[in-house]
Number of protein chains: 2
Amino acid sequence: MTVTHEQTAARGTTGEPLAALFDPLSVAVVGASENPRKWGYWLAHGALAGAARRPVYLVNRRGGDLLGSRAWPSLGDLPDAPELVVVSTPPGEVRREVERGLAAGARCFVVITAGVGEPASPRAELELAELIRSAGARLLGPNCMGVVDHAAALELCWGAVSAGQVGLVSQSGNLGLEIARLLGRAGQGLSRLVSLGNQRDIDAAEALTSLVEHEPTRVIAAYIEDFRDGRRLMAALAAARAAGKPVLLLAPGRSAAAERAARSHTGALVSPLEIVDTAVAEAGALRLNTAGELADTAVMLLAPGVLPAPGTAVPGALAAPGVTAPGVTVPGVTVPGMHAAPEADEACGRGGCRVAVVADGGGQGVLASGSLAAAGLSVPALRDATAARLRGILPAAAGVTNPVDLAGAGEADINSYASVVSTLLTGPDADAVLLSGYFGDYADSSPELAEAEAAVASRLADAAADAGRPVVVHSMATTETPALRVLRSRGVPVFDRIEHATAAIGNAARWTALSSAEPPRSAVAPPTGDGSYQRTRELLAGYGLSFPAAAFVADADAAAAAAAGIGYPVVLKAMGLAHKTEAGGVALNLGDERALLAALDGMRRRTGSAVFAVEAMLRRPGSVELIMGIRQDASFGPVAMAGFGGITAELLADTAIGLAPLTLERARQMLRSLRQAPLLTGWRGAEAIDLDAAAAALVAIARAGAEHPEYSELEVNPVLAHPGGAIALDAHGVLAEGTADIESTEEDHDA
Amino acid sequence: MTVTHEQTAARGTTGEPLAALFDPLSVAVVGASENPRKWGYWLAHGALAGAARRPVYLVNRRGGDLLGSRAWPSLGDLPDAPELVVVSTPPGEVRREVERGLAAGARCFVVITAGVGEPASPRAELELAELIRSAGARLLGPNCMGVVDHAAALELCWGAVSAGQVGLVSQSGNLGLEIARLLGRAGQGLSRLVSLGNQRDIDAAEALTSLVEHEPTRVIAAYIEDFRDGRRLMAALAAARAAGKPVLLLAPGRSAAAERAARSHTGALVSPLEIVDTAVAEAGALRLNTAGELADTAVMLLAPGVLPAPGTAVPGALAAPGVTAPGVTVPGVTVPGMHAAPEADEACGRGGCRVAVVADGGGQGVLASGSLAAAGLSVPALRDATAARLRGILPAAAGVTNPVDLAGAGEADINSYASVVSTLLTGPDADAVLLSGYFGDYADSSPELAEAEAAVASRLADAAADAGRPVVVHSMATTETPALRVLRSRGVPVFDRIEHATAAIGNAARWTALSSAEPPRSAVAPPTGDGSYQRTRELLAGYGLSFPAAAFVADADAAAAAAAGIGYPVVLKAMGLAHKTEAGGVALNLGDERALLAALDGMRRRTGSAVFAVEAMLRRPGSVELIMGIRQDASFGPVAMAGFGGITAELLADTAIGLAPLTLERARQMLRSLRQAPLLTGWRGAEAIDLDAAAAALVAIARAGAEHPEYSELEVNPVLAHPGGAIALDAHGVLAEGTADIESTEEDHDA
């Protein structure tokens with residue numbers, strides 16, 4: 001089994017673009033060692049584990065034998081080209097080894113070494129990447145923890161990583177290991193691991209994309225600290241969504257310390273968390289906070305029935321009927337300590353994922369229900385027919401509401417667990433069943449029950465498979481009993497804390513909802529605007545935003561003529577001012593020509609303006625003032641914003657954001673997600689405003705922003721939303737730095 | 001070792017009031033069995049384990065031998081009085097056994113049986129309790145899981161419960177077991193367990209009180225579903241606070257399903273969660289949501305240095321300097337999924353508990369910091385001197401900011417962990433150190449390091465003990481290595497998930513802050529009011545609330561005279577109307593006598609009122625309108641409320657509550673906790689209102705409510721808070737049902 005240079009060269013251009021990384025024709029380990037405390041040992045050991053699939057060349061300057069295999073003194077001595085070269089040497093030697101590898105025909109390098117050069121420098125890393133890329137080869141790292149692909153028998157990392165269905169991309173090696181261990185404990189594991197290191201060539205977006213087409217990967221997990229090229233990352237997430245593969249994104253919540261650490265760790269540039277959350281949710285992915293939460297969610301998503309069947313449009317079991325795909329990011333608020341659950345129960349009718357709880361202690365049922373509600377899930381009351389069926393199975397003392405309280409039925413007959421869970425899984429009441437409490441532990445306290453308990457576990461797994469709905473088990477057991485082993489081997493999620501179970505179900509339901517949302521359209525950007533009020537207004541009007549009638553005039557005659565055409569009362573605004581209200585450049589409610597001309601005269605003297613806008617003065621009964629706008633984010637491009645006028649948007653941070661452009665539905669969701677949204681829909685008997693018209697205004701502004709990146713900001717304040725429509729009373733644009741031809745930047749916050 | 005009836009009788013009236021329950025002179029087990037699947041087995045087995053301390057009488061109708069001990073056919077056959085009798089028989093036999101026990105001289109009964117009577121009924125339970133109490137004896141249960149007191153060698157429950165320093169009172173047996181197991185896994189356990197069952201005699205408050213004086217109990221845990229007699233429970237919590245013992249209260253978050261389940265479980269009456277949270281926090285206790293969170297928090301509180309030394313005023317290590325005791329309940333909002341951390345980092349300067357993070361992977365440091373911030377803790381940047389000291393210990397690649405990133409230093413020299421942690425524990429930067437990542441796992445991947453790792457664990461524990469500050473370890477280890485065993489045996493909290501570690505630290509810091517708050521004063525309730533505007537106003541004025549000058553008049557002459565005395569402009573209000581604004585019973589801003597008399601004339605005709613209030617018309621520039629009031633809660637008595645006027649209190653649920661009466665500081669905290677509080681302190685350059693005056697108004701209203709339970713509600717809307725003071729423009733009282741002499745209930749929401 002030798003590989004020719006020609007084979008190696010040909011491989012790089014066909015099939016999987018990163019085949020040389022994930023399933024190389026041959027591997028060389030530079031810095032191989034026999035010392036288990038050294039990286040060179042684990043790399044050599046892992047590479048040799050794949051020796052049946054590909055030639056493995058260990059390189060150690062002393063030559064001789066290593067781990068029962070021949071060692072070569074140098075990459076230059078190899079009998080054939082090594083397609084993949086793993087480098088774990090001192091930083092000063094990395095470049096020399098890469099040069100030798102390239103000379104030997106290598107197509108890909110994995111550099112474990114934490115730095116490059118003597119002394120190590122970012123510049124040396126960049127130059128190394130350039131050298132590799134210019135030879136048509138690829139680089140993972142430096143400063144990474146390696147790569148694993150179980151289906152390709154490739155294990156180039158520290159320690160051992162259990163195999164499973166989760167593909168993992170990590171910007172932190174240790175976290176990758178931690179996730180792998182947590183998955184292993186839960187009976188799952190990794191299909192593929194890519195440790196990104198300093199991302200001098202292969203980056204997060206490319207590694208994620210590689211997992212979309214990777215068949216053994218059913219759930220994608222990623223730890224990402226920076227979102228420098230947010231839109232490219234979003235494209236990778238969108239591809240995963242299209243392929244029906246959930247992406248679980250581990251990213252730290254916002255805190256000064258986390259940002260400080262992320263900066264010092266990899267020089268990451270952190271986008272405001274709210275924008276990251278919005279972008280991730282819109283791409284159908286979940287952002288999670290800890291390795292444990294990620295592992296739990298992955299296990300839950302991989303439970304039979306939860307993911308949609310590949311290649312079909314059939315939704316997973318947790319797609320509750322009538323669920324409206326949120327897309328809406330609700331930036332969470334965690335107040336330390338006291339958690340008041342939202343009114344999730346009442347969301348039942350609105351289609352939230354419904355969970356039936358079975359507990360063998362009343363208290364556990366209570367806490368499970370509370371925890372589910374806190375996770376945004378619905379715990380609906382059972383239908384009478386279902387309750388009657390349960391009453392036929394259970395003793396009189398049992399509670400046959402939801403949560404079901406077995407009240408000792410399990411102790412009396414362990415088969416009760418399976419009968420009750422089956423009844424609920426096959427009935428119309430719930431999309432999933434959560435069993436909480438003692439089950440899984442009988443084998444420990446009563447060893448003679450071990451076999452019966454394992455048999456019940458099998459029945460539970462069968463019932464879930466038959467119903468195509470998940471059963472989730474929270475067990476008090478402190479050891480891995482036969483019953484729990486059966487459950488895990490059948491893919492039934494088992495958790496040792498109720499909060500892990502409920503968070504995992506909640507996250508899986510959230511993903512199901514997100515993944516069914518309409519993907520956002522992508523934006524194009526043709527012509528150019530400038531910063532003036534007049535042109536900003538024209539631009540937005542061109543996208544369909546309504547404004548009051550207006551004319552731009554320079555003298556009294558033109559003003560009077562314009563006002564006569566528009567009809568009194570009118571508004572007069574002086575153009576070309578940075579802060580026109582403060583400068584006395586706005587006059588409202590001018591009722592006749594005399595008032596208009598007097599205002600014009602005074603305004604001209606006060607402001608020195610040469611051009612004035614004469615506009616219709618509007619009054620719309622029952623109207624609500626909204627602020628809408630866009631701003632360009634460095635990582636994610638144009639982001640649309642909506643909020644209420646007045647002080648609340650700022651004082652209460654009551655704003656909604658979404659990546660521009662927006663669909664009409666997304667714009668509606670943004671408006672509905674505002675805390676004061678009841679004001680839009682008929683608060684205390686008022687007439688509801690025309691929500692579609694307000695949403696259409698937001699869509700227009702977002703589209704203008706998306707297609708005109710020359711504006712760093714666009715703001716319309718206020719948009720008057722009323723029962724008959726929505727109309728913009730002002731417009732304000734800020735041109736991005738370096739954009740030419742700025743007439744003036746106006747501050748028209750008050751019309 | 002026999003006990004006379006006299007000894008038994010004497011015991012009940014001296015020392016620990018529940019001595020017959022927790023350390024009985026003798027025990028009888030009715031329904032003893034040799035079948036390990038029956039309660040009678042575990043009770044007999046547990047009772048016999050204490051046979052060296054007290055006589056144990058097993059009762060089984062067949063007599064003979066049982067578990068190597070003599071069994072008696074009936075309680076009537078015992079040679080001596082059984083001080084404590086445990087009953088586990090069919091429900092129809094319970095009463096007979098109790099009667100026999102009383103006849104034999106028993107002082108206390110623990111009834112495991114789920115019901116009493118044939119058929120079982122609540123009435124039979126009540127009658128049983130009455131029978132027992134009238135004989136001067138006590139009852140735990142029925143429907144409980146028993147009682148454990150390790151120091152007294154008393155174990156009367158299902159299975160085995162590990163011993164430790166946590167005293168547990170539980171309204172759910174299975175949850176009690178789950179908590180005991182979680183503590184056991186963490187190297188802790190229970191000092192005492194009281195399973196409450198149906199609480200027909202001994203209830204939660206009494207059981208909690210018993211733990212306050214119980215010396216082996218250092219942390220009190222409780223699972224409570226109902227808060228029927230909230231004020232009595234609060235007194236027990238206050239006693240625990242006074243004794244320096246944290247109380248961890250496990251109670252489900254609000255959800256319809258949880259309430260449904262709690263009702264069906266024990267017929268519990270659930271107080272609105274917000275009031276429970278406020279009451280619990282004011283009593284210095286923590287409400288937690290799950291068994292896991294409770295166990296983690298208990299372990300953290302029991303770490304050396306965290307609890308104040310008994311009998312001293314020295315605060316625990318987590319009492320950060322300058323911390324203002326909150327007392328303030330912030331009812332948490334958990335939005336499923338995306339957690340945006342609050343600006344906890346920035347709270348550093350405000351005195352939040354400061355944590356230094358040490359991680360052996362950059363990513364783990366990032367996530368730990370984010371998770372700490374989400375738990376309300378501060379992760380401050382390190383001082384230059386500390387950073388310099390760390391730089392001397394660590395390689396160049398390490399991050400010496402907070403979080404500290406060891407960057408491989410641990411692999412190079414495992415002693416680095418101890419050196420770095422010691423440096424931080426002894427420095428001025430942090431109140432606690434969190435070590436996150438690989439430590440604890442070296443023994444597994446490199447068995448030759450096991451001893452060295454355990455030695456480092458000892459050094460970590462020593463360093464924490466010396467510094468009097470806790471070190472907390474989050475370890476990726478999947479097995480219990482020697483190092484982790486050392487840590488746990490020394491009381492160092494070890495967690496397998498970072499979120500468990502950070503939540504535990506956050507909860508311990510929260511308790512430390514709560515426990516240092518000023519305890520609320522207790523209320524007295526002397527005289528009587530009625531529901532009229534005039535008397536409600538007088539009542540509140542008597543407590544120091546300011547009102548505009550007013551006179552109550554019946555005719556035009558009196559009105560004119562009153563207005564002349566008060567000074568124009570005035571307000572005229574018709575008395576005796578349910579909705580006076582709607583009925584045209586309010587006229588504002590009457591500028592002279594003519595206007596006043598015209599208004600009086602019209603108002604008299606419209607409303608038919610016979611009495612009118614003439615009040616000064618106030619204008620206070622820079623004023624903010626607040627709503628303040630109290631209402632009587634069925635469980636917790638008078639609860640004070642404050643919010644902003646207008647629609648926001650209702651629309652945004654922007655209100656603060658506190659148990660009445662209030663201290664001035666607590667009233668200030670309530671106002672400051674409102675989301676719109678910036679409006680009080682000078683929003684956008686406005687003058688700040690007189691917060692002390694507003695708080696004093698709230699104190700006055702709360703005190704009036706606390707001392708006048710004949711009012712089910714008192715509401716003042718608005719209180720005009722301005723830079724120069726605070727004044728009430730109206731007052732509204734609702735008399736509790738059954739209160740006599742109601743003149744009329746007025747709705748004076750708009751002055």
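In this text the structure is predicted, and so the values were computed from the model without any measurement. Note on naming: letters A, B, ... go to the chains in the order of the sequence lines (proteins, then strands), and numbering restarts at 1 for each one.
- Looking only at heavy-atom pairs under 4.5 Å with chain B, the residue among L182(A), I498(A), L449(A) that has the most is L449(A).
- Both the backbone and the side chain of D360(A) come within less than 4.5 Å of a heavy atom in chain B.
- When the candidates L679(A), T290(A), L250(A), V404(A) are compared by the number of heavy-atom contacts under 4.5 Å with chain B, T290(A) comes out ahead.
- Counted by atom type alone, E499(A) and H500(B) present zero donor-acceptor pairs between their side chains at under 3.5 Å.
- Interface remark: A180(A) contributes no atoms to any contact with chain B (heavy atom separation under 4.5 Å).
- Residues E411(A) and K38(B) fail the side-chain proximity criterion, which asks for heavy atoms closer than 4.5 Å.
- By the side chain to side chain donor-acceptor pair (under 3.5 Å) test, R37(B) is found to be paired with no residue, residues two or more places apart in sequence or in another chain being considered.
- Between D296(B) and R497(A) there is a salt bridge, since at least one side-chain N of the basic residue sits less than 4.0 Å from a carboxylate O of the acidic one.
- Contacts of E448(A) with chain B are made by side-chain atoms alone, with heavy-atom separations under 4.5 Å and no backbone atom involved.
- Ranked by heavy-atom pairs shorter than 4.5 Å toward chain A, the options T297(B), D496(B), V357(B) are led by D496(B).
- Note that the CG atom of L175(B) and the OG atom of S436(A) stand 8.0 Å from one another [nearest 0.5 Å].
- For A398(B), no part lies under 4.5 angstrom from a heavy atom of chain A.
- Closest non-hydrogen pair, L367(B) versus N289(A), comes out as CD2-O, 3.6 Å.
- For the pair N174(B) and M476(A), the tightest heavy-atom approach, listed with the atom from each and the gap, is O-CE, 3.7 Å.
- In this structure, the portions of L177(A) lying under 4.5 Å from any heavy atom of chain B include both its backbone and its side chain.
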